[in-house]
Amino acid sequence: MSSAAELSSPAEGPGRSTAPAAGDEADEADEAQVTAEVRAAGQLLPAEPLNDQPAERPYPGGIPEATVARLPVYLRALYTLAERGVGTVASDELAAAAGVNSAKLRKDLSYLGSYGIRGVGYDVEYLVYQVSRALGLTQNWPVVIVGAGNLGRALANYGGFVSRGFRISAVLDSDQAMVGRKLGSVIVRHVSELEEIVAGSGVAIGVIAVPATAAQATCDRLLAAGVTSILNFAPVVLTVPEGVDVRKVDLSIELQILAFHAQRRSAERFGQVAGPAAAEA
Ligand code: NAI
């Protein structure tokens, strides 16, 4: 889609719709369908801004999970654009950077009340704000990492979380030899302090970077202390009560998926090479 088909202007106020460009029926129909679908889901934010200021609208709480999963990808692409000094971006350009098609991108962003500006696209800085706000990243989330081994240390030493809305409150370990070591901006503390730290820092997100055998007990402890979201790196399926969010990260699964695609590509290449040779035979 060309940027000319963007439907509204942040300059006019976020979420304000304007008529689609004449002669751009495909996008018009596409956008109408998107709008209808979102409206049908009861999730459309007001077409007109509530006031002239960038609105702090309450989210209807109905952003689909698949859209939520793509928002961080858009955010990463937007950060890259912002770092390059790009002020506005067309939806097809942003979609390409994020690896999705532009209709999906526009639909996703419509859940946030963001429709871009006709002929220009989306204001990068404002879209960063909108996506960050949707993801709850306009505040700094305190995070606790349990396990200061290879992985926990790498996570704690990574400086990028702060600019993405996360603050490492503490890194905990059961090994006294680790306690007192400085990792990034924090000092490793003993895991016996977990409850006190979670309560004192209002930690909502716990990262599990302990061996698999200790993961469930660590999870139970984090939850009992008041943590409601878990990022689990240990290769186990955690049992948690309803209302707790668990995200599992498994790099070996990602590698296995890449291996599958690499294998398929190589089979296709082999087929292409073998094809003409076989035909000549
Ligand atoms: P590691 O052995 O280097 O570190 C584990 C740390 O946890 C140690 O410092 C140990 O003292 C501490 N620990 C053990 N029990 C504990 C407890 N009950 N409370 C607090 N601390 C405790 O292991 P590494 O390489 O850092 O891996 C950590 C976990 O992450 C493992 O479960 C591993 O399988 C997993 N992993 C997952 C990856 C993924 O892609 N999901 C990639 C790499 C590791």
Side-chain angles (χ1 to χ4, degrees), residues 65-66 68-73 75-77 79 98-99 135-137 141-241 244-265:
E65 198 61 35
V68 173
R70 285 189 289 272
L71 292 180
V73 182
L75 195 54
R76 193 174 51 197
Y79 276 134
L135 289 170
L137 304 180
W141 289 95
V143 173
V144 68
I145 298 174
V146 188
N150 295 310
L151 184 62
R153 288 199 297 273
L155 293 172
N157 279 316
Y158 174 57
F161 292 128
V162 173
S163 59
R164 304 289 192 268
F166 302 95
R167 174 171 54 81
I168 309 290
S169 281
V171 182
L172 308 172
D173 204 285
S174 57
D175 183 355
Q176 282 292 356
M178 289 302 303
V179 174
R181 282 179 61 168
K182 192 162 194 298
L183 299 180
S185 58
V186 295
I187 306 241
V188 178
R189 292 164 73 176
H190 195 266
V191 72
S192 59
E193 296 183 64
L194 185 149
E195 288 75 13
E196 190 191 325
I197 288 166
V198 168
S201 306
V203 172
I205 301 174
V207 177
I208 296 182
V210 297
T213 47
Q216 183 66 55
T218 299
C219 175
D220 294 346
R221 219 170 140 183
L222 284 165
L223 300 185
V227 167
T228 51
S229 302
I230 300 282
L231 181 61
N232 177 33
F233 283 91
V236 286
V237 176
L238 297 172
T239 305
V240 296
V244 172
D245 290 312
V246 178
R247 303 286 303 179
K248 189 171 188 320
V249 181
D250 194 331
L251 299 181
S252 56
I253 287 180
E254 304 300 326
L255 287 170
Q256 284 162 3
I257 292 168
L258 284 177
F260 168 80
H261 290 297
Q263 173 184 263
R264 204 183 51 181
R265 261 197 313 274

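Not measured: the values here are computed from a predicted model. Note that ligands are numbered from 1 as they come in the structure, with each ligand's atoms numbered from 1 the same way.
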(request) Output the distance between atom CZ (R167) and atom OG (S185), rounded to the nearest 0.5 Å. (result) 9.0 Å
Spell out, as yes or no, whether a donor-acceptor pair under 3.5 Å connects the side chain of [X] to the backbone of [Y].
X	Y	answer
R221	V191	yes
K248	D250	no
D173	A148	yes

(message) Side chains of H190 and M178, heavy atoms from C-beta outward: is any pair under 4.5 Å?
(response) no
(message) I'd like to check V203 versus V143 (side-chain heavy atoms, cut-off strictly below 4.5 Å). Are they in contact?
(response) no
(message) side chain to side chain contact (heavy atoms under 4.5 Å, CB included) for V188 and L172? Distances and angles first, verdict last.
(response) CA-CA 6 Å; V188 178; L172 308 172; over 6 Å; no
Which protein non-hydrogen atom lies closest to [atom], naming both residue and atom, and how far is it?
atom	result
atom 27 (O) of ligand 1	L151 CB, 4.1 Å
atom 16 (C) of ligand 1	S174 OG, 3.3 Å
atom 38 (C) of ligand 1	F233 O, 3.9 Å
atom 12 (C) of ligand 1	D173 OD2, 3.3 Å
atom 41 (N) of ligand 1	V249 O, 2.5 Å
atom 34 (O) of ligand 1	P235 CD, 3.2 Å

Measuring from [atom], which candidate in [options] has the nearest non-hydrogen atom?
atom	options	result
atom 14 (C) of ligand 1	G149, P211, S192	P211
atom 23 (O) of ligand 1	T213, L251, N150, V236	N150
atom 31 (C) of ligand 1	I208, V171, L231, V210	V210

(request) Determine, counting only non-hydrogen atoms of the protein, whether one lies under 4.0 angstrom from atom 2 (O) of ligand 1. (result) no
(request) Specify side chain, backbone, both or neither for A209, according to which of its non-hydrogen atoms lie closer than 4.0 Å to ligand 1. (result) backbone
(request) Find all atoms of ligand 1 within a distance of less than 4.0 Å from any non-hydrogen atom belonging to D175, and give their numbers and elements. (result) 11 (O)
(request) Considering the heavy atoms of A234, write down every atom of ligand 1 situated less than 4.0 Å from one of them. (result) 32 (O)
